[in-house]
Amino acid sequence: MKKLAFAVALLVTPGLASAQTLTGTLKKIKETGSITLGHRESSVPFSYIDDKAKVIGYAMDICMKIVDAVKAELKMDKLEVKLVPVTSATRIPLIANGTIDLECGSTTNNAERQKQVAYTNTHFLTASAFVSKKANNLKKIDDLKGKTVVSTAGTTNIKQVVEANAARNLGLTVIPAKDHAEAFLLVELDRAAAFVMDDILLASLVASSRDPSLYQLSDEAFSLPEPYGIMLRKDDAPFKALADKATAAFYRSAEGMQTYAKWFQSPIPPKGLNLNVPMNEKMKKVFSNPTDSPDPAAY
């Protein structure tokens with residue numbers, strides 16, 4: 001009888017041990033039966049709310065692949081997905097304090113931010129540029145001298161424009177906006193001469209504006225191409241390893257390529273706009289050799 005009991009103990013112990021040794025985000029998800037995703041409201045096509053009040057986007061699709069991997073890893077029949085809206089200013093604090101488990105948006109991965117949070121593999125590369133009205137003929141950074149420009153609060157872009165303002169003695173008035181939609185509106189209403197932001201986000205805002213023919217993107221960028229990544233909590237190695245494995249497999253798959261084409265080369269909700277941004281050679285490299293590096297030179 002003792003031998004039988006000992007044998008049973010050997011059989012069940014590994015499973016019990018694995019459940020008991022869960023830590024960090026995976027432990028939280030297992031105990032609560034839910035995972036919380038932070039999303040943007042107007043970061044087209046990465047994460048935004050459509051005309052049916054549904055949260056959709058390229059980054060949301062990627063996050064759901066991580067959710068599927070978590071569900072499989074934890075052997076959960078059901079996993080509730082909670083959605084919490086975030087802004088450029090709130091996204092990092094909400095990850096750090098545990099309110100959200102993944103931030104699914106258009107968030108630049110850099111060394112400074114990695115002191116506070118972690119990122120999974122890069123899903124897009126962008127550079128910081130500006131949009132303005134064609135009538136004003138603003139193409140280079142120096143063309144902005146003495147003008148009022150806007151950027152979104154809490155972004156790397158507003159930091160870059162402030163630094164460029166000082167370095168080049170541009171004499172700019174820099175206005176922080178609460179989100180991308182508000183910033184673009186200031187340009188639309190001529191309250192700002194230009195909006196400094198990631199080029200892909202500017203392209204999407206122009207495409208969805210009342211009259212796209214009125215606007216142009218700058219010929220000069222404030223930065224080298226920078227990586228976007230799905231953000232998660234720092235120092236949570238098991239959760240990050242799972243997210244890295246899931247995203248790497250997704251990017252290398254046919255479905256990953258199809259998802260990119262769905263959001264960047266096809267009509268997207270709610271207006272059926274096509275951003276027409278084919279995958280360049282750098283992005284192809286990102287998909288074939290996934291990395292979470294924050295260094296622009298790595299790309």
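By convention here, the first residue in the shown sequence is residue 1. The structure displayed is predicted, hence computed values, not measured ones.
The shortest distance between side-chain heavy atoms of L83 and V81 falls below 4.5 Å. Two residues are said to be in side-chain contact when any heavy atoms from C-beta on lie closer than 4.5 Å; K30 and K27 fail this criterion. Side-chain contact check for W263 versus I56: some heavy-atom pair is nearer than 4.5 Å. Within the 4.5 Å cutoff, side-chain heavy atoms of R168 are placed close to those of I141. Residues K65 and E255 are in side-chain contact: their nearest non-hydrogen atoms beyond the backbone lie under 4.5 Å apart. In this structure, T152 and F195 have side chains that are in contact, with non-hydrogen atoms separated by less than 4.5 Å. Inter-residue side-chain proximity for M197 and S128 is flagged as unmet; no heavy-atom pair is nearer than 4.5 Å. Taking the side chain as every heavy atom from C-beta outward, L74 and L79 never approach each other to under 4.5 Å.
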I'd like to know whether Q114 forms a side-chain hydrogen bond (donor to acceptor under 3.5 Å, both in side chains) with N109, so could you lay out the CA-CA distance, the side-chain angles of the two residues, the decisive distance to 0.1 Å, and finally the verdict. CA-CA 7 Å; Q114 285 206 7; N109 174 7; 2.8 Å; yes

Would I35 and K82 count as a side chain to side chain contact (heavy atoms under 4.5 Å, CB included) if you check the C-alpha gap in whole Å, the side-chain angles of each, and the deciding distance to 0.1 Å? CA-CA 6 Å; I35 184 170; K82 297 180 179 179; over 6 Å; no

Apply side chain to side chain contact (heavy atoms under 4.5 Å, CB included) to residues T247 and I66 and explain how you reach the verdict. CA-CA 7 Å; T247 52; I66 300 174; 3.9 Å; yes

Can you check side chain to side chain contact (heavy atoms under 4.5 Å, CB included) on K147 and N136, steps first, answer last? CA-CA 11 Å; K147 300 190 181 299; N136 295 330; over 6 Å; no

Worked verdict on E112 versus K159 for salt bridge (charged side-chain N to carboxylate O under 4.0 Å, His left out): CA-CA 12 Å; E112 182 178 347; K159 180 181 178 183; 2.6 Å; yes

Show your working on side chain to side chain contact (heavy atoms under 4.5 Å, CB included) between L37 and V67 and close with a plain yes or no. CA-CA 9 Å; L37 310 184; V67 170; 4.2 Å; yes

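L273 shares a hydrophobic cluster with no other residue; no ILVMFWY side chain has heavy atoms under 4.5 Å from its own.
Enclosure of atom NZ in K285 is not indicated, since only 12 or fewer non-hydrogen atoms of other residues, nucleotides or ligands lie within 6.0 angstrom. In K71, the NZ atom is crowded: over 12 heavy atoms of neighbouring residues, nucleotides or ligands sit closer than 6.0 Å. Within a 6.0 Å radius of CZ in R191, no more than 12 heavy atoms belonging to other residues, nucleotides or ligands are found.
E226 and N110 are not linked by any side-chain donor-acceptor pair at a separation below 3.5 angstrom, with hydrogens and angles left out of the test. Inspection of the S42 and H180 side chains reveals no N or O donor paired with an N or O acceptor under 3.5 Å. Using modelled atom types, one finds no donor on one side chain facing an acceptor on the other under 3.5 Å when comparing T25 with D101.
Qualifying ring pair (Phe, Tyr, Trp, His ring centres under 6.0 Å) partners for Y119, counting only residues two or more places apart in sequence or in other chains: none. Take F264 and apply the ring pair (Phe, Tyr, Trp, His ring centres under 6.0 Å) test, not counting sequence neighbours, and it matches F46, Y58, F124, Y260.
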Considering only distance and modelled atom types, tabulate donor-acceptor pairs under 3.5 Å from the side chains of residues 292-299, sequence neighbours left out.
| unit_1 | atom_1 | unit_2 | atom_2 | d |
| --- | --- | --- | --- | --- |
| D292 | OD2 | K240 | NZ | 2.8 |
| S293 | OG | D295 | N | 3.2 |
| D295 | OD1 | A297 | N | 3.0 |
| Y299 | OH | T122 | OG1 | 2.7 |
| Y299 | OH | S293 | O | 2.5 |

Check residues 84-96 and write down every donor-acceptor pair under 3.5 Å in which the side-chain atom is one partner and the other belongs to a residue at least two apart or another chain.
| unit_1 | atom_1 | unit_2 | atom_2 | d |
| --- | --- | --- | --- | --- |
| T87 | OG1 | A89 | N | 3.3 |
| T87 | OG1 | T90 | N | 3.2 |
| T87 | OG1 | T90 | OG1 | 3.2 |
| S88 | OG | R40 | NH2 | 2.9 |
| T90 | OG1 | T87 | N | 2.9 |
| R91 | NE | S88 | O | 3.2 |
| R91 | NH1 | T107 | OG1 | 3.0 |

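M60 and I200 fall within the same hydrophobic cluster, where Ile, Leu, Val, Met, Phe, Trp and Tyr residues are linked whenever their side-chain heavy atoms come under 4.5 Å apart, directly or through other members. Using a 4.5 Å cut-off between side-chain heavy atoms of Ile, Leu, Val, Met, Phe, Trp and Tyr, with links allowed through other members, M257 and V277 fall into the same hydrophobic cluster. Connection of F184 to L172 is not established within any shared hydrophobic cluster, with ILVMFWY side chains joined at heavy-atom distances below 4.5 Å, either directly or through further cluster members. Tracing side-chain contacts under 4.5 Å through hydrophobic residues (I, L, V, M, F, W, Y), one reaches V187 starting from I175; they form part of the same cluster. Under the 4.5 Å side-chain contact rule for hydrophobic residues, L186 and V131 share a cluster.
Note that the OG atom of S132 and the CG atom of L214 stand 11.0 Å from one another [nearest 0.5 Å]. Atom-to-atom distance recorded for M64:CE and T259:OG1 is 12.5 Å, nearest 0.5 angstrom. Taken to the nearest 0.5 Å, the CZ atom of F239 stands 6.0 Å off from the CG atom of L232.
For the pairing with F130, the side-chain contact (heavy atoms from CB on, under 4.5 Å) check across V149, V161, L217, L138 returns one residue only, L138. When each of N157, D199, T108 is tested with T126 by the rule side-chain hydrogen bond (donor to acceptor under 3.5 Å, both in side chains), just one qualifies, namely D199. When each of P270, S204, S43 is paired with Y48, the side-chain contact (heavy atoms from CB on, under 4.5 Å) condition holds for P270 and for no other.
In this structure, the side chain of D198 does not engage the main chain of L201 through any donor-acceptor pair within 3.5 Å. Judged by distance alone, the side chain of S34 and the main-chain N or O of E80 form no donor-acceptor pair under 3.5 Å.
The pair K133-E188 does not meet the salt-bridge criterion, since no charged nitrogen lies less than 4.0 angstrom from a carboxylate oxygen. Checked for salt-bridge contact, E103 and R233 miss the test: no charged N lies under 4.0 Å from a carboxylate O.
Annotation: disulfide (SG to SG under 2.5 Å) contacts involving residues 63-104, sequence neighbours excluded, comprise C63-C104.
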